[in-house]
Amino acid sequence: MLTPLFKPVLLTARNPTPMTGEGNNTYLLAAGDGPATLIDAGVGHPQHLADLAMALEDRRARLADVLVTHGHADHASGAAALALAHPGARFFKQPWPGQDEQYAVAWRPLADSDGVVAGGEQLRVVGTPGHSPDHLAFWHEGSRTMFTGDLVVLGTSVMIHASRGGDLSDYMRSLERVLALRPAVLLPAHGPSVTDPVKLLTAYLEHRRDRERQVIAALGSGHATVEAIADSIYHGLDAALMPAARENVRAHLEKLRMEERAFCDLDRWRL
């Protein structure tokens, strides 16, 4: 449970899609009569901007900082609109060269173990790469709350976009690192808050191990391409979600290749 003194304000980014669910969660930390911090920038939807302005006005606060968990568009593309609406705001994220330049703000760098003050509260930056190479989480020690970006989503799994910098080995290490902190609450960028983090993180790790066993079995059965393996594992999945499924399969295959348990020749994979 969150402590009474630590009450992040949930502001939805108003961008529902098959991949984002009901849309992104952004979180406002505002102590009142002072600087406030927004975690994740959303996509610049006018209603999100209006919701933020109202929340700031209610707390007599001003937006000082925006902390972005990672550079995917649903988390970072709203930065330019926020900068226009709040000219004094600063924007922070871990650098991702080749990705960050598309967002027209002056990014300030964040790195693992940095400390930041957000709405009068001290947060620690926790490097959690895997879903993307620049992925960060933000840890509030006092309430044992972590803002986890796209690390987990309650009720479903997270895509590892292997062809765009995702790394399954890193991702599993990030899950284990967060699990070791024994958090009380996770506040993800999609879906509801997680009030039993140990159970969810443990299930996520076991799910990935199960999926790896499925990929190995598919290879052993003669399925040699990413598409064939994905079709055999995700049979019946909504067609809109199949590209993400194929990316997850590719992430597992790349992990197996790094571990010298599989190899690829002209897009055909074998154990």
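- More than 12 heavy atoms of other residues, nucleotides or ligands shown are found within 6.0 angstrom of CZ on Arg246.
- Closest approach of Ser232 and Ala218 over heavy atoms only: OG-CB, 3.8 Å.
- When hydrophobic clusters are built by joining Ile, Leu, Val, Met, Phe, Trp and Tyr residues whose side-chain heavy atoms come closer than 4.5 Å, directly or via intermediates, Tyr171 is grouped together with Val198.
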Please test Glu254 against Arg257 for salt bridge (charged side-chain N to carboxylate O under 4.0 Å, His left out), starting from the C-alpha separation and ending with a verdict.
CA-CA 5 Å; Glu254 292 295 345; Arg257 173 155 58 181; 2.8 Å; yes

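- Across Asn15 and Gly23, no two heavy atoms sit closer than the pair OD1-CA, 3.3 Å.
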Apply salt bridge (charged side-chain N to carboxylate O under 4.0 Å, His left out) to the pair Arg213 and Asp210, showing each step before the final yes or no.
CA-CA 5 Å; Arg213 287 189 282 268; Asp210 284 342; 2.2 Å; yes

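- Residues in residues 203-253 take part in no ring pair (Phe, Tyr, Trp, His ring centres under 6.0 Å) pair, two or more places apart or across chains.
- A continuous path of hydrophobic side-chain contacts links Leu175 to Leu168 [ILVMFWY only; heavy atoms under 4.5 Å].
- For the pair Val226 and Val249, the tightest heavy-atom approach, listed with the atom from each and the gap, is O-CG1, 4.1 Å.
- Using modelled atom types, one finds a donor on one side chain and an acceptor on the other under 3.5 Å when comparing Thr128 with His135.
- Judged purely by distance below 3.5 Å, without hydrogens or angles, the side chains of Trp139 and Glu141 pair a donor atom with an acceptor atom.
- With a 4.5 Å cut-off on side-chain heavy atoms, Leu219 and Leu253 count as touching.
- Note on Glu206 versus Arg209: salt bridge recorded, some NZ/NE/NH1/NH2 to OD/OE distance being below 4.0 Å.
- The stretch residues 98-116 participates, sequence neighbours left out, in these side-chain hydrogen bond (donor to acceptor under 3.5 Å, both in side chains) pairs: Lys93-Asp100, Gln99-Gln102, Gln99-Tyr103, Gln99-Arg164, Asp112-Arg177.
- Under the 3.5 Å distance criterion, the side-chain polar atoms of Arg59 are matched with a main-chain donor or acceptor of Ala55.
- Under a hydrophobic clustering in which Ile, Leu, Val, Met, Phe, Trp and Tyr are joined whenever their side-chain heavy atoms come within less than 4.5 Å, directly or via other members, Phe6 and Val116 fall into the same cluster.
- If you check the side chains of Glu247 and Ser163, you find a donor sitting under 3.5 Å from an acceptor.
- Side chains of Asp40 and Thr69: a donor-acceptor N/O pair is present below 3.5 angstrom, by distance only.
- Taking hydrophobic clusters as Ile, Leu, Val, Met, Phe, Trp and Tyr residues chained together by side-chain heavy-atom distances below 4.5 Å, Val185 shares a cluster with Phe147.
- Side chains of Gln47 and Asp51: a donor on one and an acceptor on the other come within 3.5 Å.
- Residues Ile216 and Leu271 approach most closely at O-CD1, 3.9 Å, considering heavy atoms.
- Using a distance-only test at 3.5 Å, with no hydrogens or angles considered, a donor-acceptor pair links the side chain of Asp167 to the main chain of Asp170.
- For Thr225 (side chain) and Ala228 (main-chain N/O), a donor-acceptor pair under 3.5 Å exists by modelled atom type.
- Of all non-hydrogen atoms in Leu201 and Pro183, the two that sit nearest each other are CD1-CG, 4.5 Å.
- The closest donor-acceptor contact from the side chain of Asp134 to the backbone of Trp96 lies at 3.5 Å or more, if one exists at all.
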Go through it in stages, so that I can follow the logic: the residues are Arg208 and Glu212, the test is salt bridge (charged side-chain N to carboxylate O under 4.0 Å, His left out), and I'd like the CA-CA distance, side-chain angles, deciding distance and then a yes or no.
CA-CA 6 Å; Arg208 289 295 173 179; Glu212 181 175 285; over 6 Å; no

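- For Arg182 (side chain) and Leu179 (main-chain N/O), a donor-acceptor pair under 3.5 Å exists by modelled atom type.
- Looking at Thr156, its side chain never comes within 3.5 Å of a backbone N or O of Val153 through a donor-acceptor pair.
- One distance of note links CG of Asn25 with CG of Leu11; it measures 9.5 Å at 0.5 Å rounding.
- Exactly one of His190, His70, His75, His161 qualifies for a ring-ring contact (aromatic ring centres under 6.0 Å, His included) with His131. That residue is His70.
- Here the straight-line distance linking atom CZ of Phe138 with atom OG1 of Thr37 works out to 10.0 Å at 0.5 Å rounding.
- Counting all heavy atoms, side chain and backbone alike, Asp65 lies closest to Val117 at OD2-O, 4.4 Å.
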